[in-house]
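A note on names: the letters A, B, ... follow the listed sequences, proteins ahead of strands, and every chain is numbered from 1.
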Amino acid sequence: MTPEELSASIVAVLRDAVRDGAIALDEAALPSAVTVERPKVREHGDYATNIALQLAKRAGAPPRELAATLQERLATVDGIASVDIAGPGFLNIRVEAGAQGVLARSIVDAGDAYGRNDLGAGHRINLEFVSANPTGPVTLASTRWAAVGDALGRVLEATGAEVTREYYFNDAGAQIDRFGGSLLAAAQGKPTPDGGYAGAYMLDIANAILADRPDLLDLHDDEALKVLRVEGVARMWEEIRQSLHELGVDFDVYFSERTLHETGAVESAIERLRAGGLTYTAAGALWLRSTSYGDDKDRVIVRSNGRPTYISVDAAYYLDKRARGFDRVVIMLGADHHGYVNRYRALAAGFGDDPDQTLELLIGQMVNLVKDGAPVRMSKRAGTVITLEDLVEAVGVDAARYALARYSVDSSIDIDLDIWTRATSDNPVFYVQYAHARLSSILRNASDLGLAPAGDDFDPALLSHEREGDLLRALAELPRIVSAAAELREVHRIARYLEDLASTFHRFYDECRVLPRGDEPPEPLHAARLLLVQATRVTLANGLRLLGVSAPDRM
RNA sequence: GCCCCCGUAGCUCAGGGGAUAGAGCAUCGGCCUCCGGAGCCGUGUGCGUAGGUUCGAAUCCUACCGGGGGCACCA
């Protein structure tokens, strides 16, 4: 019996009690789902629900009285071993070992699909993240989004949603001009211009381009600049894609800002905004009434000189995404862009959308690297910034992805290289991967002994040890964790869950011998535990896959 | 000045209004005749402050304090 099934049973019992008048409540007032949680304290049973407390006021009855009614009826439900009333009116429920043990079978049968659901079915989500300009290597902050964004994409896909991972890049305009100018300076051996891009990588690129175009320095500056801009962006771009790819992050769409200008999309977006009624003209410029959406001031979208601001380009981009059929536009931004949120929402509203339905801006806080207790500042690659490549080089792909995905994006984090480079248990990713390797090893050994997990003869009631129950209940959590992570856009929940599951498994392993020892004959319990081991391995692997972290069979 | 995020154990962080607030690390002490000791068990300490909402608040609201980030007719 899974928590979902238990929850459904409680709902059914509630409905019956209301129908025959045992509970004075309108059937329509009943919740469609009842929260079932794993109590922190063992004595409180396998599962607990506070439903009696929640309904007490509306039903006009003391919570404990309501609880008693439910207790009596729940106790007769198949698979429920006992129901107790505790404290102000909690219902503490124990599940029969057999009803719980069958989960091992269904997890193994589900395989890769275990943990998936269809809550997001029918939704088309455009997930934009990283979107760093091709003017330098991918910074640490962008790397956080690469890891979190890709994992979020996986989690959303696990709910049945159709997800497009999108990378938007600026390949025109002032930043690129500055980039080209800096390359020219580097090529000519001059110092970086004010506001330009410095760092060793600029020299690398300039030299690489010079190797292909030795004539570059003979050209007039304007001509050389043109070449450098195009060539420089192309090379930087390739590097960015390559380092993201090495991190295991690939995008479905790489969207060029320039195309929005070239196709006239910007102009038509401005026209639609004007028609939408959220704009006005003042001092020769066109303004967006973003204050209606909580912005602290209205924003110019067309300058008094007639040129559109970047907001118009964002508007055109948003419109383009919607026109491509996405019902949900999700954009992941750094904390330094939180000021965009309200004006972006105003844009969506200006097009007649409800921003609460179609647009979501996720803000992630900063990342710092720490080594020997002090912040890391230097990067041999970029001079001042720390890059994706620096991190991967220092800790490897799995640790990098895991370290970035394991924390709530709401908090700024310090990644301690001393921890994440260590191949010991203080390193959470090793802890989880180790559990998977250990599970794999047990299954290998079983296979060597000619033993197989229980098949049709599986007796779920054999898994009655307390540690087996703990493990089964931990396994049963994955679907709920996936749903929560998807709904809340919080992938760190997956990582925390995996750590909890790994720990629960290790405790099981410590007390419950899986394979027969020495001269012991194999018994049904061994086969049942092997099935449980297999189910645990499947669950860990599925969770790790959601984070894009490998699940090694050996370490 | 205004806006956003954070403040939980010595450290790094979990905690979707519920019961006695958790995990890892660090400290100290235990556990290998056989499945991977990269493991397990035990050990002390804590919700920034003050109010409010609620049967019940780390969680929601307000004010203040502390840390980080942002406030362009730049992108």
B:U45 - base-pair partner by Watson-Crick or wobble geometry, distances under 3.5 Å: none
Between B:G22 and B:G44 - C1' atom distance, rounded Å: 15 Å
Minimum-distance nucleotide (side-chain atoms of A:Asn445 versus B:G39, B:G36, B:C73): B:G36
Test of ring centre spacing under 6.0 Å for A:Trp237 and A:Tyr167: yes
Distance between P atoms of B:A23 and B:G46 (Å, rounded): 16 Å
pi-stack flag for A:Tyr509 and B:C35, centroid dist under 5.5 Å, interplanar under 30°: yes
Using a cut-off of under 3.5 Å, enumerate the N/O to N/O pairs linking the protein to nucleotides 69-72 of chain B.
| from | atom 1 | to | atom 2 | distance (Å) |
| --- | --- | --- | --- | --- |
| B:G69 | N2 | A:His338 | ND1 | 3.2 |
| B:G69 | N2 | A:His338 | NE2 | 3.3 |

Nucleotide B:A75, atom P - distance to OH of A:Tyr168 in whole Å: 11 Å
Inter-nucleotide P distance (B:G39, B:A57), Å rounded: 39 Å
Pair A:Asp470-A:Thr504, side-chain donor/acceptor within less than 3.5 Å: no
B:U43 to B:C3 separation - C1' atoms, rounded to the nearest Å: 46 Å
Salt bridge present between A:Lys321 and A:Glu128 (N-O < 4.0 angstrom): yes
Euclidean distance for C1', B:C4 against B:G10 (whole angstrom): 31 Å
Distance flag, aromatic centroids of A:Tyr317 and A:Phe255, threshold under 6.0 Å: yes
Pair A:Asp295 + A:Arg299, salt bridge at N-O below 4.0 Å: yes
Below 4.0 Å: OP1/OP2 of B:C40 and any side-chain N or O of A:Tyr431: yes
Base B:A75 to side chain A:Asp177, donor-acceptor N/O within 3.5 Å cut-off: no
Distance (rounded to the nearest 0.5 Å) between A:Thr139 OG1 and A:Arg144 CZ: 12.0 Å
Result of checking A:Val300, A:Thr309, A:Val302 against A:Leu286 for side chain to side chain contact (heavy atoms under 4.5 Å, CB included): A:Val302
Complement of B:U62, any strand, by Watson-Crick or G-U distances under 3.5 angstrom: B:A50
Nearest-neighbour nucleotide for the A:Phe430 side chain, B:C6, B:A38, B:G36 considered: B:A38
Base paired to B:C2 (Watson-Crick or G-U; both N/O distances under 3.5 angstrom): B:G70
For B:C32, glycosidic torsion class - syn if within 90° of 0, otherwise anti: syn
Side-chain N,O (A:His492) to OP1/OP2 (B:G15) below 4.0 Å: yes
Close aromatic pair by centroid cut-off 6.0 Å: A:Tyr340 and A:His337: yes
Side-chain N or O of A:Arg307 closer than 4.0 Å to phosphate OP1/OP2 of B:C73: no
Distance between C1' atoms of B:U27 and B:C11 (Å, rounded): 12 Å
Centroid distance under 5.5 Å and plane angle under 30°, A:Tyr434 vs B:G39: no
Base paired to B:G22 (Watson-Crick or G-U; both N/O distances under 3.5 angstrom): B:C13
N/O donor-acceptor pair, side chain A:Ser304 with base B:C73, under 3.5 angstrom: yes
N/O (side chain, A:Lys57) to phosphate O (OP1/OP2, B:C55) under 4.0 Å: yes
